Amino acid sequence: MARLSQLLLPTEREAPADAEALSHKLMVRAGLIRQVGSGLWSWLPAGWRVHQNVVQIVREEMDAVGCQEMLMPVVTPAELWKRSGRHGISELFRLQDRRGAELILAMSHEETLTFHMAGAVRSYRDLPKLIYHFQTKGRDEPRPRAGVLRTREFIMKDAYSFDRDLAGLDESYERLAGAYDRVFDRSGLEWYSVEADVGMMGGTGAHEYMAPCPAGENDVALAPGYAANVEVACADPQAVPPLPESVSGELHTPGATTIEALAGHLGVPAGNLLKAFPIVTESRGLVLVLLRGDHRVQEIKLANALGEAVRQATPDELSELGLEAGFMGPREGVEVLYDAAVTPGRYVTGANRSDHHVVIEVPAGERHDVRRVEEGDTVGGRTIRIEPAIEIGNIFKLGTRYSEPLGATYLDENGSERPIVMGSYGIGPARIAAAAVEQFADERGISWPRSIAPWDVHVVALGKAGSAERAEAEKLYGGLQEAGLQVLLDDRDAGTGEKLTDAELLGVPLRLVIGRRSLESGTAEAQARRGGRDLDPVALQGAPEAVSGLWRSLP
RNA sequence: CGGGGCGUGGCGCAGCCUGGUAGCGCGCACCGUUCGGGUCGGUGAGGUCGGAGGUUCAAAUCCUCUCGCCCCGACCA
């Protein structure tokens, strides 16, 4: 049933006042989604059609590489998560049943599936296996945002691979990566995959699939032939001229507590300064990370370089060691760590004394790449740019992170017991829908790629109820449906402007208008939503075939 | 978790500072009009002012507590 007169499609003239992101505004205005609570959203009929279209594409491509669909519950015994060590995660929703037994809402399903595999897999002959499901995930996000982009409950396609060794995992990983390429190509999005952080929990490789758009929460570093999340990106820094010899010794720098102020005061580029970033780790205590003044610490790279979690030092910890914010520099008794971009030479740094800096000679020695890459850095001579993107999928080589604690093992040819080697692979259909809105919307509204659009064709019937235009539109509606097209008919008793405006807001790829004017020539006017391009009018005689062809020619 | 902001008919907002029986636009219902870009005119319905407590003759407005929501940052298996 796709008559607008009867459909639940509450369009709005104005966006919710608190909406910021384009996809948030448009998806609410177009009647696709409605908010229930913070990070909790309902999908109205038209929105759900988009979501289901994405789901179907994912399903087909998963099946095509031999991935088997099943279903696991959301409510899960806490015991499984205690065994894997994930019960302590702060985003985990916890609950109790009537007897007081502890349960959780699954954030993903590694534990549950590994538990099943532990029981089902005995021999290397049972491997490999590729399994997936679509299921609701619960994540008590500290800050849900931007409509459906980051929510506390959402549907995810999560797949898992089970192999006997790393070589097998590599094969499964490549196979899923191929399926992912096809999913995102078919979704009509602009996308790319990037190197990603594997996290502190081990894992041997990870890629994220990114859809570039302004509302994206991730920053991606891009150069021809290079793409990486800035959490892990590495690049060659831009050169800076050496510090002029005229600047030397101890410098009186009253109030120059920021890099900008200090560089301005001395009249030298920020790259001549040495920034001190105090951190604390479990095993090392306080460490002064030293990097060029024009650079910033990338805390994930730093944590990976140190092999342990990192936090910023508190003011108390600093004053205990006689360090003063704004005038900090290397000093005896404090461990230092130099960023890789700090080449040996002269730099201005804090003198560990109020209102004073000092020029020091930095020697050659151990370096760690812990800085965030900057726009204008280079990779193999090619310049980096940084853009925001939405993470729409990820693939991750888990290894034995879950199989070991959950006892998922198999016997090899020699009869020795080995842990199963796993991979995990996620896709968020809601994010694909939101990314499509972000990427293709114009000032009039959404412009869906035809592969995920809620309908293929939007037929607008002008004229008043009972008119010849309305009757012809009804006929066209029926004919197009018989030709296998998904058709939405605007049969409301509304004004022309309202109908056309709503059609543009909703963003169905092909719009056909039947009005008095078009009837005179026995045609329906056709317009492609993408670009608002007028197409040749379609003769009502034989319209279904012509429209099918037209539709296939659209993006 | 830190910072900022907002809760007043379905949506968007004013009123609050300076207390005195709640208002505007859109939408909605009905009548007429119009019928190729949110047409025009008329009539009308709809609100415990997020909640609780307090001050006061009187609270949307002042005070206390509380719940909810948004934005920036931190965080993000």
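Predicted, not measured: the structure shown is a model, and the values here were computed from it. Below, chains carry the letters A, B, ... as their sequence lines are ordered, and counting in each starts from 1.
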request  = For the residue pair His51(A) and Trp43(A), categorise the inter-ring angle as parallel (less than 30°), tilted (30 to 60°) or perpendicular (more than 60°).
outcome  = perpendicular
task = Grab the NZ-C1' distance between Lys464(A) and U34(B) for me, whole Å please.
result = 8 Å
request  = For Glu299(A) and for Thr11(A), find the nucleotide of RNA chain B with the closest heavy atom, then tell me which residue's nucleotide is more 5'.
outcome  = Thr11(A)
message = Just to be sure I understand the rule, does Ala146(A) reach a base, reach only the sugar-phosphate, or reach nothing, if contact means heavy atoms closer than 4.0 Å?
response = sugar-phosphate
task = Assign Arg492(A) to base, sugar-phosphate, or nothing according to its heavy-atom contacts below 4.0 angstrom with the strands shown.
result = nothing
query = Separation of Glu14(A) atom CD from C24(B) atom P, in whole Å?
reply = 17 Å
query = Does a salt bridge link Arg83(A) with Glu79(A), judged by any charged N lying under 4.0 Å from a carboxylate O?
reply = yes
request  = Take atom C1' in G50(B) and the same atom in C69(B), then report the distance between them in whole Å.
outcome  = 10 Å
request  = Give Ala15(A) one of three labels, base, sugar-phosphate or nothing, depending on what nucleic acid heavy atoms sit under 4.0 Å from its own.
outcome  = sugar-phosphate
query = How many Å lie between CZ on Arg517(A) and P on C35(B), as a whole number?
reply = 14 Å
task = Scan Gly495(A) against the nucleic acid and name what it touches under 4.0 Å (heavy atoms): base, sugar-phosphate only, or nothing.
result = nothing
task = Determine the sole option in Arg529(A), Arg511(A), His458(A), Lys499(A) for which the side chain to side chain donor-acceptor pair (under 3.5 Å) test with Glu504(A) is passed.
result = Arg511(A)
ask   = Is there a Watson-Crick or G-U wobble partner for A29(B) with both distances under 3.5 Å, and which nucleotide is it?
value = U43(B)
key: Separation of U39(B) P from Asp493(A) CG (nearest whole Å)   = 15 Å
query = Just how far, in rounded Å, is C1' of G37(B) from NE2 of His458(A)?
reply = 14 Å
task = Mind checking Arg152(A) for me? I need base, sugar-phosphate or nothing, with any heavy atom below 4.0 Å counting as a touch.
result = nothing
request  = Just call it for Pro10(A): base, sugar-phosphate, or nothing, with non-hydrogen atoms closer than 4.0 Å on any strand.
outcome  = nothing
key: G25(B) to G9(B) separation - C1' atoms, rounded to the nearest Å   = 13 Å
inquiry  = Can you work out whether Ser108(A) or Arg13(A) has the more 5'-proximal nearest nucleotide on RNA chain B?
reply    = Arg13(A)
message = Under 4.0 Å between a side-chain nitrogen and a carboxylate oxygen: does that hold for Arg492(A) and Asp490(A)?
response = yes
message = Need one value for Ser467(A): base, sugar-phosphate or nothing, where a base atom within 4.0 Å counts as base even if backbone is also close, heavy atoms only.
response = nothing
ask   = Taking any strand in view, what nucleotide pairs with C62(B) in a Watson-Crick or G-U wobble way, both distances under 3.5 Å?
value = G54(B)
inquiry  = Roughly how many Å apart are G3(B) and C17(B), using the C1' atom of each and rounding to a whole number?
reply    = 24 Å
ask   = Is there side-chain contact between Leu113(A) and Lys129(A), with at least one heavy-atom pair below 4.5 Å?
value = no
task = Report which part of the nucleic acid Glu504(A) touches: base, sugar-phosphate, or nothing (heavy-atom distance under 4.0 Å, all strands).
result = base
ask   = When you compare U34(B) with U48(B), how far apart are their P atoms, in angstrom units rounded to a whole number?
value = 39 Å
